[in-house]
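Before any comments, here is the structure.
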Amino acid sequence: MASVSAALREADVSAPDARNPLSDLPAAAPLAMPVQALDQPPVRDFGRTMGQPWARRAALIAFTVLTTVLAVVVLHDAFSADFLTGAEVVHLVLFASLFAWTAFAFASAFAGFAVSLAPRRDGGTTQPLTARTAILAPVYNEAPGPVFARLEAMMRDVEAEGLADRFDLFILSDTRAPMIAVAEQAAFRRLREALGGGVRVFYRRRAENIDRKAGNIADWLRTWGGAYEHMVVLDADSLMTGAVLGRLSGLMQADPRAGLIQTVPAVIGASTLFARLEQFASRLYGPMFARGMAWWCGTEGNYWGHNAIIRVRAFAERAGLPHLKGRKPFGGHILSHDFVEAALMRRAGWRVRLEPDLGGSWEEGPPSLIDQIVRDRRWCQGNLQHLGVVTARGLNPVSRFHLVRGFSTYLAAPMWIALLALSVGLMVFPDELAGARIGAGSPSAAGALLGVMAVSAAFLILPKFMALVAATARGELDRFGGADAAVRNILIETALSTLLAPAALFAQTRAVVSVLSGRDSGWAPQRRDLDGLSWSEAFAAHRAEFAFGLGLAGLCLALNPAALLWAAPPALGLAGAFWLSAVTARAVGDDLLATPEVLAPHPVIVQAQVLTQALAEPAETRTPAPSRFLTIPRPTPALAVAAA
């Protein structure tokens, strides 16, 4: 008992300048990190960067506007009335907004497809590395075993690349649970002994979890940032090779105006069917979408919060986050800090780049739909906070677009629910809501309407097969198990994702309503693994979706069975959400939705997996199941529009 008490007391030693015998922290090298003002003229370290791909951006915008206008004209004709009612005008506005975002995403994906077919160019550098880089691994109530296993595999690979003198690792703990903190410190002791002094590793636990991950990074910058040129920021589930870490540092060293370079992490470690869907999609489709984004972003890219390298002084001087005015959930510290930090650095003139083809950068995904919903609730609040940032003075136009695109992703969900409800309403109650039945006018109106819906579906589905062609052209298809396996897995992923989409959009709608109702999401740790869901647990989590889907189908059957032609797919997805959630939370074999990292994993992945099995934790240190999704607050009556 005495030893446990001593360990708990030791776990509370967390002040940045404390002499912690566990971590043997380096000498302080303070770096100022002033808070940036959103309502004041910015300080520019550089003038406006010339040579941005404005012609490419104009082409995407032109395609988006042209296709959206054509679709709206066709839909307007389908209403077949001399004048439009208020409900029909709202329907057209909702449809145009959602169609435009889909069209833009397709155009960006097509650009990525074209880039994927072009000959590859090596933009690397052969300069020897002289810069010192800190690898920052923030952790918060995570199961220590897998985290420290990934870090050990990463640092062993750094040493194998001959870069041990260029990279130091800092484990930055914000853990609040005492037993997990004790396990973290034990894992750190073991890690330091296992590495044997080949690389420098440090551990610091903060006394207060101020501003969460962004505050954790800021605390490190203000204490040790002055000793390093660059920092690589990780998440608790991140894994990177020594080669890509060296490449990132070399790219930063070769471009003195680069402030941030973001990799495109692929998902690994998926065991459940749900996680495999994201893993397969991120690995096959993700690179093509990222190439398209890099094509039109130029050096005005974005930051995703992890698996990126950042110039330390530029970040400290220009990316200090202010607290937003007002109360939570919109006020206070910024949850989705990464987009804002990238925008602030770009405002000062620093280049923000996306490198889609580096490889050797990985993360893990949520194991179930329920876990994704819990994570998405926090992301929803963080992105909606950007409504208070997007008008900040001096922001780059493309940075503003990244912010708008981020919160529009969540606002699109209630718009989709509203469009669904209104579409069904226009068919079920034509006399009350519509000037005439949809498609009742010209003989070609119904066919044209079906054509618009087909184009919308094509914008969503075609990029998946474009990615297949791109992988074939780049000689990567065999790594997915061959053409037959890849096509089969695309069809499986498309079918399951389509069935899951209504439940995901419904959950995002509830999240938006919850935020607008003034409810804070909190900050729960993410569950990384799962061994199935019970039917009762799944139904309890998705009972609102079940009721909404059943009610939608029942309304159509009772008043206008023909409306089921449009309502059946989403109604089926909503009513069956609990079944899909439970089924996709089960583990599957490696041959289903296989990726290169499953069929022929990189040695760093293998080593991390072996170490994870060897460092399995006791139950009290594992991340608990996210129970909050079972008690998502009901929205107030005034805001309960289209959401149950």
Side-chain angles (χ1 to χ4, degrees), residues 56 60 102 104-124 239-241 243-244 247 262-270 273-297 301 304 307 354-365 457-498 588-606:
R56 299 175 180 181
L60 295 185
T102 305
F104 181 87
F106 174 80
S108 181
F110 187 83
F113 172 67
V115 172
S116 300
L117 299 182
R120 302 190 215 187
R121 292 181 295 177
D122 185 5
L239 181 64
M240 301 178 76
T241 65
V244 76
R247 182 78 180 278
Q262 175 70 63
T263 68
V264 181
V267 176
I268 58 170
L273 179 55
F274 182 86
R276 282 291 178 84
L277 293 172
E278 182 179 1
Q279 179 173 275
F280 180 79
S282 78
R283 191 62 179 83
L284 182 57
Y285 317 145
M288 185 189 74
F289 279 96
R291 291 179 196 118
M293 184 176 179
W295 180 80
W296 60 262
C297 279
W304 301 331
N307 292 43
L354 175 64
E355 291 289 340
D357 290 313
L358 285 181
S361 177
W362 303 290
E363 63 177 332
E364 293 184 358
F459 281 172
L460 295 172
I461 296 173
L462 275 180
K464 302 183 179 189
F465 290 94
M466 287 155 49
L468 177 70
V469 175
T472 303
R474 296 170 72 89
E476 299 172 352
L477 201 58
D478 288 343
R479 302 181 64 200
F480 288 88
D484 291 345
V487 171
R488 180 176 65 251
N489 286 330
I490 288 174
L491 295 175
I492 293 171
E493 186 277 330
T494 301
L496 288 175
S497 296
T498 301
V588 295
D590 287 347
D591 57 332
L592 184 60
L593 297 167
T595 61
E597 286 76 16
V598 173
L599 298 177
H602 191 282
V604 172
I605 297 177
V606 174

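Here the structure is a predicted model, which is why all the values come from computation and not from measurement.
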Next on the checklist: Determine whether Leu460 and Thr494 satisfy the following criterion, side-chain contact (heavy atoms from CB on, under 4.5 Å), listing intermediate values before the conclusion.
Outcome noted: CA-CA 10 Å; Leu460 295 172; Thr494 301; over 6 Å; no
Checklist entry - Should Val264 and Arg291 be marked as a side-chain contact (heavy atoms from CB on, under 4.5 Å) after you check the CA-CA gap, both sets of side-chain angles, and the distance that decides it? => result CA-CA 10 Å; Val264 181; Arg291 291 179 196 118; over 6 Å; no
Heavy-atom pair of closest approach, residues [X] and [Y]:
X: Asn307; Y: Leu239; result: ND2-O, 4.1 Å
X: Pro356; Y: Pro287; result: CB-O, 4.4 Å
X: Leu60; Y: Ser108; result: CD2-N, 4.0 Å
X: Arg283; Y: Ala266; result: CD-CB, 3.8 Å
X: Trp362; Y: Glu597; result: NE1-OE2, 3.5 Å
X: Met240; Y: Ser361; result: CE-OG, 4.1 Å

Please enumerate all residues that pass salt bridge (Lys or Arg N to Asp or Glu O under 4.0 Å) together with [X], with sequence neighbours excluded.
X: Asp591; value: none
X: Glu363; value: none
X: Glu493; value: Lys464

Checklist entry - Is there a side-chain contact between Glu355 and Thr263, using heavy atoms and a 4.5 Å cut-off? => result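 Glu355 does not reach Thr263 side chain to side chain.
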Item to check | Close side-chain approach of Ile461 and Thr498, heavy atoms under 4.5 Å | outcome: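 In short, these two side chains do not touch, never coming nearer than 4.5 Å.
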Next on the checklist: Within this structure, what is the CG-CH2 distance for the pair Leu354 and Trp296, rounded to the nearest 0.5 Å?
Outcome noted: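 Here the rounded value is 10.0 Å.
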Checklist entry - Out of curiosity, Ile268 CD1 to Ile605 CD1, how far, rounded to the nearest 0.5 Å? => result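 Reported to 0.5 Å precision, the distance equals 4.5 Å.
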Show me the donor-acceptor pairs within less than 3.5 Å that the side chains of residues 466-492 make with the rest of the protein, sequence neighbours left out.
residue	atom	partner	partner atom	Å
Thr472	OG1	Leu468	O	2.9
Arg474	NH1	Ser116	O	3.3
Asn489	OD1	Leu593	N	3.2
Asn489	ND2	Ala485	O	3.1

Checklist entry - Can you name the ring pair (Phe, Tyr, Trp, His ring centres under 6.0 Å) partners of Phe289, sequence neighbours left out? => result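 Counting only residues at least two positions away or on another chain, Phe289 forms no ring pair (Phe, Tyr, Trp, His ring centres under 6.0 Å).
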Item to check | ring pair (Phe, Tyr, Trp, His ring centres under 6.0 Å) partners of Phe106, counting only residues at least two apart | outcome: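 For Phe106, the residues satisfying ring pair (Phe, Tyr, Trp, His ring centres under 6.0 Å) (neighbours in sequence not counted) are Phe459.
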Checklist entry - Given Phe110 and Trp295, is the ring pair (Phe, Tyr, Trp, His ring centres under 6.0 Å) satisfied, shown in steps? => result CA-CA 11 Å; Phe110 187 83; Trp295 180 80; 9.6 Å; no
